[in-house]
Each structure stands twice: as structure tokens, then as C-alpha cells.
Trainee: 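Below you will find the structure I want to go over with you.
Just so you know, ligand 1 is whichever comes first in the structure, and atom 1 is the first atom listed for that ligand.
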Amino acid sequence: MPIVLEGQPALVTGANSGIGRAVALALGRAGADVVVNYVSDPEAAEAVAAEIRGFGRRAIALRADVSDEQEVETMFAEAIKVFGTLHVVVCNAGLQRDAPFHQMTLDQWHTVIGVNLTGQFLCARSAVREFVRRGVDEKVSTAASKIIHMSSVHEMIPWAGHANYAASKGGVEMLMKSLAQEVAPLRIRVNAIAPGAIRTPINTAAWQTPDAYADLMKLVPYKRIGEPADIGQAAVWLASDASDYVTGISLFVDGGMTLFPGFASGG
Ligand code: NAD
């Protein structure tokens, strides 16, 4: 992995598991010091931080519930105190509370919107405040800073039984694009990654048994499940100056899931 993020401290939310963990590790390998955010399981967060320190980078684990305004602000203040500033913020934390629509409780709705959408708003807002304060530092990057939102193929694919989740990711897409438009003149780049099916704890039921895996592959033209490291690589590219002219996009990393695979043999 080329060392393209040296001198660019990064913060990744929900970084003690799955995609967030892989993104934190990939940013660390690419030279960034990393804040590993978690809300539960501090041991897992500390293990990710220790692995990054093993690459010769600095890393700390910080607890904060991303849906809580005060906790997010305290986390950013602490991160900036320790690392001096932040150059890369990855709003990754997310969850599902699935239910048939007529049985979905308001609590299930609020929980998913609160973490997946409001959480991304709160973290992006704290990030922009710091990026505006500091401005461009040409020594480390041509851009003032980079925000990466973790969206999903469900920002565009409707998902029966998961209306709260799909609504949150549709919201993330327009949050990302509106923010990208607003802060581009400040040379803050804002993009999203829209993963397809990635092998993590959030979707164990979709890949754990051979039958479930075979069913899943009907939706994936590339005929393999995505691995968290696939998303880590994409995040390094979006965080680095290699993507300097890219802002306001959702980068689909999905093995072709959004290519309407049913039309390969039908339609
Ligand atoms: P995961 O369950 O392994 O990780 C989610 C992380 O978010 C965990 O660390 C969890 O503790 C954390 N989290 C949950 N609520 C939080 C809160 N209130 N504050 C802080 N952290 C919180 O699942 P994952 O697959 O790694 O999911 C990461 C992101 O990727 C999510 O936004 C998810 O929607 C998105 N995504 C995943 C897939 C996939 O196939 N796995 C596909 C598309 C999008």
C-alpha cells in the first residue's frame, strides 16, 4: 500500500467491526494516524488501534454514540487535542432494525435514522467546522480535507422490509451531495462509498450458509461476496490526492449489484 496519507489524521466511526475496521486499518497502512470510534466492545476497538500502532502510526480508540450531539462533539474535541487536527473523516457507523412496514415501530424507525443519517450529519458537521478552521495545508494534501460517507447500494435499490434503512441511505446520498456542493469552494471534498454485499456481522444471514450464499450470488454479477478490504481500498483512494478532482459522487463497490442482474437473462 503506498504511503499516501502521511500527516493526515483520520477518524472512522464504527471502526471496531466490519467495514469500519477495514477502513481504519487501510488508512493506517496508507500512513494516517487514526481515531477508532466505537460505541460498544472497547476491546475490539483497542485491538484495531493496536494493530494500526503496529504499522508505526498513532492510533486511539474513542467511545461516542454518533447519534448523540454532545458525545460527537466531545469525541472530535478529544481527537483534535490528541492529533492536532483531522484531514479525513469517514462516517461509517450504521445499523439495521428490519421489519415489515406495517409492523415497523417508531423506535425502529428513529434508531436507524438516528444512527445512519443524523449520525452522519453530526460527524460531518464537526468535521467541516475543523476543516474550515484549519484550511488547506499544501504540505500534506491539495484538498483542505476529505469526508467519506458510508452509504449503500440501497441509496438507489429499494428494499422491502427495510424501509427505514433504505430511507436512511437515500438521505445519506443527498446529504453528501448537498454538502459537497456547499464546501467544494473551500476545497473540502465530500464523497460516499456505496457498498454492495460485504461479508460483515451486519448481514451474516445473507452469506453464512451455502444456500444463503447461492441466493445472494443471484444478485451479484461478479459472483463473489465483497470483503471489508475491498471498501478499505476504495476509502484510501477517496481520501488521497489521487482522487483530487472527485467530489459529490457515490462510488459503488458492489460487484455489479446495481447493474440490474435480473436483466442479464430476462427483460
Ligand atoms: P457492522 O455491524 O460490522 O459495523 C457497524 C459498526 O457501527 C459497528 O462497529 C457498530 O458498533 C457501529 N455502530 C452502530 N451504532 C453506532 C452508534 N450509535 N455510534 C457509533 N457506532 C455505532 O456492519 P458493517 O457492515 O461493517 O457496516 C458499516 C457500514 O457499512 C454501515 O453504515 C452499513 O450500513 C454500511 N453497509 C454495509 C454493507 C454490508 O454488506 N456489510 C453494505 C452496504 C452498506
Trainee: Give a yes/no on ligand 1: does Y165 have at least one heavy atom closer than 4.0 angstrom to it?
Mentor: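 Yes, Y165 has heavy atoms under 4.0 Å from ligand 1.
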
Trainee: To which protein heavy atom is atom 31 (C) of ligand 1 closest, and what is the distance rounded to 0.1 Å?
Mentor: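 The closest one turns out to be N92 O, 3.2 Å.
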
Trainee: Between S141 and K146, do the side chains contain a donor N or O and an acceptor N or O under 3.5 Å apart?
Mentor: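 S141 and K146 do have a side-chain donor-acceptor pair below 3.5 Å.
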
Trainee: For ligand 1, which atoms have a heavy atom of A64 less than 4.0 angstrom away?
Mentor: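 Close to A64: 19 (N), 20 (C).
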
Trainee: Answer yes or no: does atom CD of Q181 have more than 12 heavy-atom neighbours from other residues, nucleotides or ligands under 6.0 Å?
Mentor: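 Counting neighbours around CD of Q181, 12 or fewer heavy atoms of other residues, nucleotides or ligands fall under 6.0 Å, so no.
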
Trainee: Can we say R53 and E46 salt-bridge, meaning some charged N sits less than 4.0 Å from an Asp/Glu carboxylate O?
Mentor: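 Counted as a salt bridge, because a side-chain N and a carboxylate O are separated by less than 4.0 Å.
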
Trainee: Which atoms of ligand 1 are found less than 4.0 Å from any heavy atom of L95?
Mentor: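 In order of number, 15 (N).
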
Trainee: Under 4.0 Å from ligand 1, counting heavy atoms only, is it the side chain of A197, its backbone, both or neither?
Mentor: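 It is the backbone that touches ligand 1; the side chain stays farther off.
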
Trainee: Could you see if V183 belongs to whatever hydrophobic cluster contains L11? Use Ile, Leu, Val, Met, Phe, Trp, Tyr and a side-chain cutoff under 4.5 Å.
Mentor: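 Same hydrophobic cluster.
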
Trainee: Students should be able to answer this: which protein heavy-atom is nearest to atom 16 (C) of ligand 1, and at what distance?
Mentor: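 Answer, as residue, atom name and distance: V39 CG1, 3.7 Å.
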
Trainee: Give yes or no for whether the N/O distance cutoff of 3.5 Å, strictly under, is met between I198 and ligand 1.
Mentor: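 I198 vs ligand 1: N/O contact under 3.5 Å present.
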
Trainee: Measure the shortest side-chain to side-chain distance between I157 and H154 over non-hydrogen atoms and say whether it is less than 4.5 angstrom.
Mentor: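 Result yes, sub-4.5 Å side-chain heavy-atom pair found.
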
Trainee: Does even one non-hydrogen atom of V153 get within less than 4.0 Å of ligand 1?
Mentor: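 False for this residue.
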
Trainee: Flag I19 as yes when one of its N or O atoms lies below 3.5 Å from any N or O atom of ligand 1, and as no otherwise.
Mentor: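 There is such a contact, yes.
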
Trainee: Which ligand 1 atoms does G18 reach within 4.0 Å, using its non-hydrogen atoms?
Mentor: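 It comes down to these atoms of ligand 1: 3 (O), 26 (O).
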
Trainee: W159 versus V153: any side-chain heavy-atom pair under 4.5 Å?
Mentor: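 No, too far: nothing below the 4.5 Å cut-off.
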
Trainee: Counting only heavy atoms, which portion of N116 has something under 4.0 Å from ligand 1: side chain, backbone, both, or neither?
Mentor: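 Neither; nothing of N116 gets under 4.0 Å from ligand 1.
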
Trainee: If we only count heavy atoms from C-beta on, is the M150 to I231 side-chain gap below 4.5 Å?
Mentor: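 Side chain of M150 against side chain of I231, heavy atoms only: contact under 4.5 Å found.
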
Trainee: Quick one: nearest non-hydrogen protein atom to atom 21 (N) of ligand 1, plus distance?
Mentor: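 The protein heavy atom lying closest is A93 CB, 3.4 Å.
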
Trainee: Side chain, backbone, both or neither: which part of A194 has a heavy atom under 4.0 Å from ligand 1?
Mentor: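 The answer is neither.
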
Trainee: Looking only at protein heavy atoms, which one is nearest to atom 18 (N) of ligand 1, and how far off is it?
Mentor: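 For atom 18 (N) of ligand 1, the nearest protein heavy atom is D65 OD1, 2.8 Å.
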
Trainee: Give a yes-or-no answer on whether the side chains of R97 and T111 include a donor-acceptor pair shorter than 3.5 Å.
Mentor: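 On atom types as modelled, these side chains do not qualify, holding no pair under 3.5 Å.
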
Trainee: Counting only heavy atoms from other residues, nucleotides and ligands, does the tally under 6.0 Å from NZ of K223 exceed 12?
Mentor: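 Yes, enclosed.
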
Trainee: What I'd like to find out is whether the side chain of R129 reaches to under 4.5 Å of the side chain of R133, using heavy atoms alone.
Mentor: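 A side-chain contact is absent here, since even the closest heavy-atom pair is not under 4.5 Å.
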
Trainee: Judged on heavy-atom distance to atom 44 (C) of ligand 1, which of G114, S151, S67 sits nearest?
Mentor: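 Minimum heavy-atom distance to atom 44 (C) of ligand 1 goes to S151.
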
Trainee: For Q233, does the CD atom sit with more than 12 other heavy atoms under 6.0 Å from it, leaving out its own atoms?
Mentor: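 Not buried by this count: 12 neighbours or fewer within 6.0 Å.
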
Trainee: Between K169 and ligand 1, is there a nitrogen or oxygen pair with a distance under 3.5 Å?
Mentor: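 The answer is yes, given that K169 and ligand 1 share an N or O pair closer than 3.5 Å.
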
Trainee: Less than 4.0 Å is my threshold; does some heavy atom of A44 fall inside it relative to ligand 1?
Mentor: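 No heavy atom of A44 comes that close to ligand 1.
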
Trainee: How far is atom 10 (C) of ligand 1 from its nearest protein heavy atom, and which residue and atom is that?
Mentor: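 The answer is N16 OD1, 4.5 Å.
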
Trainee: Backbone or side chain, does any N or O of T200 fall under 3.5 Å from an N or O of ligand 1?
Mentor: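 T200 vs ligand 1: N/O contact under 3.5 Å present.
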
Trainee: Pick from V35, L122, L62, V89: which one makes a side-chain contact (heavy atoms from CB on, under 4.5 Å) with F76?
Mentor: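 Answer after filtering V35, L122, L62, V89: V89.
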
Trainee: Does some non-hydrogen atom of A22 fall short of 4.0 Å from ligand 1?
Mentor: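 No, A22 has no heavy atoms under 4.0 Å from ligand 1.
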
Trainee: Among all protein heavy atoms, pick the one closest to atom 42 (C) of ligand 1 and tell me residue, atom and distance.
Mentor: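 Among all protein heavy atoms, the one nearest atom 42 (C) of ligand 1 is G196 O, 3.0 Å.
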
Trainee: Among all protein heavy atoms in this structure, tell me which lies nearest to atom 12 (C) of ligand 1, with the distance rounded to 0.1 Å.
Mentor: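 Atom 12 (C) of ligand 1 sits closest to the protein heavy atom G14 CA, 3.8 Å.
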
Trainee: Is there at least one pair of N or O atoms, one from V66 and one from ligand 1, spaced under 3.5 Å apart?
Mentor: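 Yes; at least one N/O pair falls below 3.5 Å.
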
Trainee: Side chain, backbone, both or neither: which part of P228 has a heavy atom under 4.0 Å from ligand 1?
Mentor: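 Near ligand 1, P228 shows nothing, with every heavy atom at 4.0 Å or more.
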
Trainee: Going by atom types only, do E73 and S126 share a side-chain donor-acceptor pair under 3.5 Å?
Mentor: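 No pair is found: no donor N or O on one side chain lies under 3.5 Å from an acceptor on the other.
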
Trainee: What protein heavy atom sits nearest atom 5 (C) of ligand 1, and how far off is it?
Mentor: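 Nearest neighbour among protein heavy atoms for atom 5 (C) of ligand 1, to 0.1 Å: G94 O, 3.5 Å.
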
